[in-house]
Chemist: 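The structure under discussion is supplied below as structure tokens; questions concerning it will follow.
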Amino acid sequence: KKITFLDTLGHAAFSKMRARGANVTDIAVLVVAADDGFMLQTDEALKHAQNAKVALMVAVNKMDVKGANLDRVKSQMQERGIAPEDWGGETITVPVSAIKGTGITELLDYVLLQSDVLELRANPKGEVSGVIIESQIDVGRGPLATVIVQRGTLKVGDALVCGSHWAKVRAMFDDQGNTLKEAPPSTPVRIIGWSGAPDSGHQFRSVKNPREAEKLAEEIQHEARKEASTLAAVPKN
């Protein structure tokens with residue numbers, strides 16, 4: 001009954017991150033401030049969740065602050081076609097306070113209930129695959145990528161390919177920095193051992209060995225260079 005949360009920032013600059021987050025998750029929890037109500041970024045995040053066709057829940061945060069108005073938020077939800085359950089709709093709506101911790105247990109219970117209703121399942125066996133959440137180049141450890149495993153069980157020593165990059169998993173760490181030897185489905189891990197920083201939002205998969213992973217990545221690199229040179233050779237009108 002573990003829940004993996006993929007937190008995407010509300011700032012306008014993180015639109016692409018919110019879009020990727022909606023596409024990766026099974027259940028989207030839309031966080032709305034009880035005092036501010038729906039903002040531009042809230043509406044944008046709602047559209048991302050609807051476009052991704054994932055189950056939607058609403059957490060009305062800041063219930064402890066002056067000016068909190070739960071009914072106003074519910075009215076705004078109704079205007080957007082996502083009426084809360086107690087207003088005759090289907091959207092699970094939970095009032096919470098991040099500062100005081102109230103409503104958090106109820107929110108987690110609803111997430112688990114929703115996952116049971118949707119019968120969310122993943123196969124821990126077979127070929128490993130998942131998605132790149134973010135990547136970076138670390139001065140001491142080289143290219144790193146934070147991933148979520150969606151199928152199979154990822155293990156240290158596995159060979160992966162993601163577009164023009166490949167990896168032999170040298171080490172894995174959880175969100176607390178603890179070393180892991182394996183990662184079953186829905187587990188977020190940071191991987192060391194990449195040939196370069198893979199693109200966020202792209203899928204990765206396991207292959208037989210590092211040699212095959214490198215070969216596949218090089219083939220994709222070659223095709224990309226070939227396509228780029230072809231485009232460059234096209235005369236301008």
Chemist: Side-chain donor-acceptor pairs under 3.5 Å in residues 93-105, sequence neighbours left out?
Modeler:
unit_1: Thr93; atom_1: OG1; unit_2: Thr91; atom_2: O; d: 3.1
unit_1: Ser97; atom_1: OG; unit_2: Asp64; atom_2: OD1; d: 2.9
unit_1: Ser97; atom_1: OG; unit_2: Lys100; atom_2: N; d: 3.1

Chemist: Any side-chain heavy atom of Asp116 sitting closer than 4.5 Å to one from Lys1?
Modeler: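 Yes, close enough: below the 4.5 Å cut-off.
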Chemist: When rounded to the nearest 0.5 angstrom, what is the spacing between CG in Leu46 and CG in Asn51?
Modeler: 9.0 Å
Chemist: Look at the side-chain heavy atoms of Ile, Leu, Val, Met, Phe, Trp and Tyr, link any pair under 4.5 Å apart, and say whether Trp87 and Ile82 land in one connected group.
Modeler: no
Chemist: Check the pair Val147 / Val189 against side chain to side chain contact (heavy atoms under 4.5 Å, CB included), numbers first and verdict last.
Modeler: CA-CA 6 Å; Val147 312; Val189 290; 3.6 Å; yes
Chemist: Could you check whether any side-chain N or O of Gln150 sits under 3.5 Å from a backbone N or O of Ser129, counting only pairs where one atom can act as donor and the other as acceptor?
Modeler: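 Absent.
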Chemist: If you measure from CZ on Arg190 to CD on Gln136, what distance do you get to the nearest 0.5 Å?
Modeler: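 These two atoms lie 4.5 Å from each other.
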Chemist: Following the transitive rule for hydrophobic clusters with a side-chain heavy-atom cut-off under 4.5 Å over Ile, Leu, Val, Met, Phe, Trp and Tyr, establish whether Val128 and Leu180 coincide in one cluster.
Modeler: yes
Chemist: Test Val207 against Lys215 for side chain to side chain contact (heavy atoms under 4.5 Å, CB included), laying out the working first.
Modeler: CA-CA 11 Å; Val207 293; Lys215 180 184 175 184; over 6 Å; no
Chemist: Between Ile137 and Trp194, is there a side-chain heavy-atom distance shorter than 4.5 Å?
Modeler: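 Not in contact.
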Chemist: For residues Ile132 and Cys162, determine if any side-chain heavy atom of one lies less than 4.5 Å from a side-chain heavy atom of the other.
Modeler: yes
Chemist: Determine the minimum heavy-atom distance between Val73 and Gly37, stating which atoms define it.
Modeler: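 Scanning both residues completely, I find the closest heavy atoms to be CG2-CA, 4.2 Å.
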Chemist: Measure the spacing between CZ of Phe204 and CG of Asp199 and express it to the nearest 0.5 Å.
Modeler: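 Rounded to the nearest 0.5 Å, the CZ-CG separation comes to 14.5 Å.
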Chemist: Does a side-chain heavy-atom distance below 4.5 Å link Leu160 with Ile191?
Modeler: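 Counting from C-beta outward, Leu160 and Ile191 do come under 4.5 Å.
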Chemist: Using the side chain to side chain contact (heavy atoms under 4.5 Å, CB included) rule, take Leu107 and Met57 through it: C-alpha gap first, then chi angles, then the decisive distance, then the call.
Modeler: CA-CA 9 Å; Leu107 178 64; Met57 295 172 52; 3.8 Å; yes
Chemist: Are any non-hydrogen side-chain atoms of Leu118 and Ile27 less than 4.5 angstrom apart?
Modeler: yes
Chemist: Is it the case that one hydrophobic cluster holds both Met39 and Val31, taking links as side-chain heavy atoms less than 4.5 Å apart, direct or via other members?
Modeler: no
Chemist: Is Ile133 linked to Ile3 within one hydrophobic cluster, defined over Ile, Leu, Val, Met, Phe, Trp and Tyr using a side-chain heavy-atom separation of less than 4.5 Å?
Modeler: no
Chemist: Hey, is the main chain of Ser186 close enough, under 3.5 Å, to the side chain of Thr4 for a donor-acceptor pair?
Modeler: yes
Chemist: Do the non-hydrogen side-chain atoms of Val32 and Met77 ever get within less than 4.5 Å of each other?
Modeler: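 Not touching, per the 4.5 Å side-chain cut-off.
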Chemist: Mind listing the closest non-hydrogen atom pair of Thr25 and Val54 along with its distance?
Modeler: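 In this case the closest contact between Thr25 and Val54 is O-CG1, 3.2 Å.
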Chemist: Are Leu70 and Val65 connected in a single hydrophobic cluster, I mean Ile/Leu/Val/Met/Phe/Trp/Tyr linked by side-chain heavy atoms less than 4.5 Å apart?
Modeler: no
Chemist: What pair of heavy atoms forms the shortest contact from Val161 to Ala213, and how long is it?
Modeler: CG2-O, 4.0 Å
Chemist: Would you compute the distance between atom NE2 of His165 and atom CD1 of Ile220 and round it to the nearest 0.5 angstrom?
Modeler: 10.0 Å
Chemist: Spell out, as yes or no, whether a donor-acceptor pair under 3.5 Å connects the side chain of Gln76 to the backbone of Phe38.
Modeler: yes
Chemist: So how far is it from Ser164 OG to Glu218 CD, rounded to the nearest 0.5 Å?
Modeler: 10.5 Å
Chemist: State whether the number of non-hydrogen atoms from other residues, nucleotides or ligands found under 6.0 Å of Glu90 atom CD is greater than 12.
Modeler: no
Chemist: What verdict does the side chain to side chain contact (heavy atoms under 4.5 Å, CB included) test give for Tyr110 and Val29, after you've listed the backbone C-alpha separation in whole Å, the side-chain angles of each residue and the deciding distance to 0.1 Å?
Modeler: CA-CA 11 Å; Tyr110 274 118; Val29 181; over 6 Å; no
Chemist: Return the minimal non-hydrogen interatomic distance between Arg72 and Asp35, and the atom names on each side.
Modeler: NH2-O, 2.6 Å
Chemist: Show me the side-chain donor-acceptor pairs of residues 166-175 shorter than 3.5 Å, one per line, residues at least two apart or across chains.
Modeler:
unit_1: Asp174; atom_1: OD1; unit_2: Gln176; atom_2: N; d: 2.9
unit_1: Asp174; atom_1: OD1; unit_2: Gly177; atom_2: N; d: 3.0
unit_1: Asp174; atom_1: OD1; unit_2: Asn178; atom_2: N; d: 2.8
unit_1: Asp174; atom_1: OD2; unit_2: Asn178; atom_2: ND2; d: 3.2

Chemist: Answer yes or no: is there a donor N or O on one side and an acceptor on the other, between the side chain of Ser135 and the main chain of Pro198, under 3.5 Å?
Modeler: yes
Chemist: Nearest 0.5 Å, what's the CG-CZ distance between Leu30 and Arg80?
Modeler: 9.5 Å
Chemist: At their closest point, which heavy atom of Ala197 faces which heavy atom of Pro143, and how far apart are they?
Modeler: N-CB, 4.0 Å
